[in-house]
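A quick write-up on the structure given underneath.
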Amino acid sequence: MPRFKAILVAILFGALVAGALRSRGAGAPPAKPGDPKNMGDDGSAGIARVAPSNTGDTDASYWRHLSEEQQNQAVAALKTFAQKSADSLKHPLHLHESRHFLFYSDLSGIQAARYLSLLDRMYGKLSDLFGLQKGDNLWRGKSLVIVFNHIEDYREYERLIENDDPGGSFAITHCFGDGMVHMALYRYPDDVQFEHLLVHESVHGFLHRYRSPARIPSWANEGLADEAASELIFEKNRAKIMVGLARAGLAQHHDSVGDFFTASHIDGWQYPIAETLCAWMIHHDRDGYLAFINGIKDGQPWDESLKKNFKMSPDKLLSEYGKSIGVKGIKM
């Protein structure tokens, strides 16, 4: 029982984090350095988020095939940015590099290597789900990840380097209109919670870069981010507990998902629904799920892509999903 309570507390904390997220990844307009709109829509920074900006800054040409020379130039630019950032902060940052990530941190080498390995596994999982060829590089250059051991250093980085107000956040992902992705995180003391947050945010960056800059709806974006993190990071009984949280949230809202499908940012109680719905969709029809995401990325409205590619209307989707979690008559 003590172990179960510990797991439940951890998951509930994760749901609280999710509820405060301004994490929009591919579901958000790309970020613009220094944009005053980089605050959350409610004026807060949230615990973790993707910095929004003006979609007019997007250059779709950076989502086309990039030559090896262009990729090398992008990596060099990211490394220069990171080094200049460390110099400006007068705070040494050590690089651990893999094929797809530049991981800068002031953590121990053992910690950094473990987190980099987790990011590589995340990339492999999503590459398999989305049918990327082995060796394909989705990023423009690589994904830049900067992790600080102290919250004050993370906040100073956001203020001075990204020209952003971090507020009370622990992580911000900057998805730029030129295809670049920067992630900055405070290394929260709890390993499981930090690793979940690291993967969650990285999935948003992946979705930003996948196929086109078209936006993925918040429910699908957050659902995949949590589903991927839950598969990669072992938490005993998490799947059952998330179903329980989804049921409880629905019961409290009279079996209605509310603005789940239309909200620019889903609410905290809707995150367990998003995660379990995404997991059900992938299990029910993996190819149809991929076609659904591809349809959105190719410019189809989400509900049109759902009907055409996943072969379900939103009402039918909720009905079938409801059966899987033991809730009848879920409505919009």
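Heavy-atom basis, side chains included; hydrogens, waters and symmetry copies ignored.
Between D315 and M332 the shortest side-chain heavy-atom distance falls below 4.5 Å. A 4.5 Å side-chain heavy-atom check between E97 and K79 finds at least one atom pair inside the cut-off. Annotation: side chain of V147 is not in contact with side chain of Y186 (no heavy-atom distance under 4.5 Å). Annotation: side chain of F148 is not in contact with side chain of Y104 (no heavy-atom distance under 4.5 Å). Residues V145 and L102 are not in side-chain contact: their nearest non-hydrogen atoms beyond the backbone lie 4.5 Å or more apart. Residues L198 and M183 meet the side-chain proximity criterion, which asks for heavy atoms closer than 4.5 Å. The closest side-chain heavy-atom distance from Y62 to M180 is not below 4.5 Å.
Separation of the F101 and H96 ring centroids does not fall under the 6.0 Å cut-off.
Using a 3.5 Å distance cut-off with no hydrogens or angles, the side chains of Y157 and E162 do pair a donor with an acceptor. For the residue pair Y123 / S202, no side-chain donor-acceptor distance below 3.5 Å is found, with atom types taken as modelled.
Among the candidates H200, H196, M242, the single residue satisfying the side-chain contact (heavy atoms from CB on, under 4.5 Å) test with S230 is H196. When each of D303, L306, L317 is paired with F261, the side-chain contact (heavy atoms from CB on, under 4.5 Å) condition holds for L317 and for no other.
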F170 and F194: ring pair (Phe, Tyr, Trp, His ring centres under 6.0 Å), yes or no, with the steps? CA-CA 9 Å; F170 292 166; F194 174 73; 9.9 Å; no
Under the salt bridge (Lys or Arg N to Asp or Glu O under 4.0 Å) criterion, do K90 and E156 qualify, and how do the steps go? CA-CA 11 Å; K90 297 181 173 56; E156 185 176 21; over 6 Å; no
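Atom CH2 of W302 and atom OG1 of T262 lie 8.0 Å apart (nearest 0.5 Å). Here H150 contributes atom NE2 and R155 contributes atom CZ; the two are 13.5 Å apart, rounded to the nearest 0.5 Å. In this structure, CE on M312 lies 8.0 Å from CG on D285, to the nearest 0.5 angstrom. Atoms OG and CG, on S85 and L78 in that order, are 10.5 Å from each other to the nearest 0.5 Å. Distance CZ/F292 to CD/Q300: 10.0 Å, rounded to 0.5 Å. Between the CG atom in L245 and the OH atom in Y271 there is a gap of 14.5 Å [rounded to 0.5 Å].
Around the NZ atom of K331, the shell of radius 6.0 Å holds more than 12 heavy atoms that belong to other residues, nucleotides or ligands.
We find that D178 and R140 are joined by a salt bridge, their nearest charged nitrogen and carboxylate oxygen being less than 4.0 Å apart. Ionic pairing of R286 and D128 is present here: one or more N-O contacts between side-chain nitrogen and carboxylate oxygen are shorter than 4.0 angstrom. For the pair E231 and R121, the salt-bridge criterion is not met [side-chain N within less than 4.0 Å of a carboxylate O]. Comment: D191 engages R114 in a salt bridge, judged by a side-chain N to carboxylate O separation of less than 4.0 angstrom.
Judged by distance alone, with hydrogens and angles left aside, the side-chain atoms of Q270 form a donor-acceptor pair with the main-chain N or O of V257 at under 3.5 Å. Counting only distance, with no hydrogens or angles, the side chain of K311 and the backbone of K308 share a donor-acceptor pair below 3.5 Å. Side chain of D190 to backbone of Q193: a donor-acceptor contact under 3.5 angstrom is found. Looking at S305, its side chain never comes within 3.5 Å of a backbone N or O of P301 through a donor-acceptor pair.
Ring orientation note: the planes of Y210 and F130 are tilted relative to one another, at an angle of 30° to 60°. Classified by interplanar angle (parallel below 30°, tilted 30° to 60°, perpendicular above 60°), the ring pair H284/F310 is tilted. Taking the six-membered ring where the residue is Trp, Y321 and W280 present perpendicular rings, their angle passing 60° and hence far from 30°.
Of all heavy-atom pairs spanning A82 and L144, the tightest one is CB-CD1, 4.2 Å. The shortest non-hydrogen separation linking W269 to S256 is CH2-O, 3.4 Å.
At least one cation-pi condition fails for R211 and W63: the charged atom is not both under 6.0 angstrom from the six-membered ring centre and inside a 45 degree cone around its axis.
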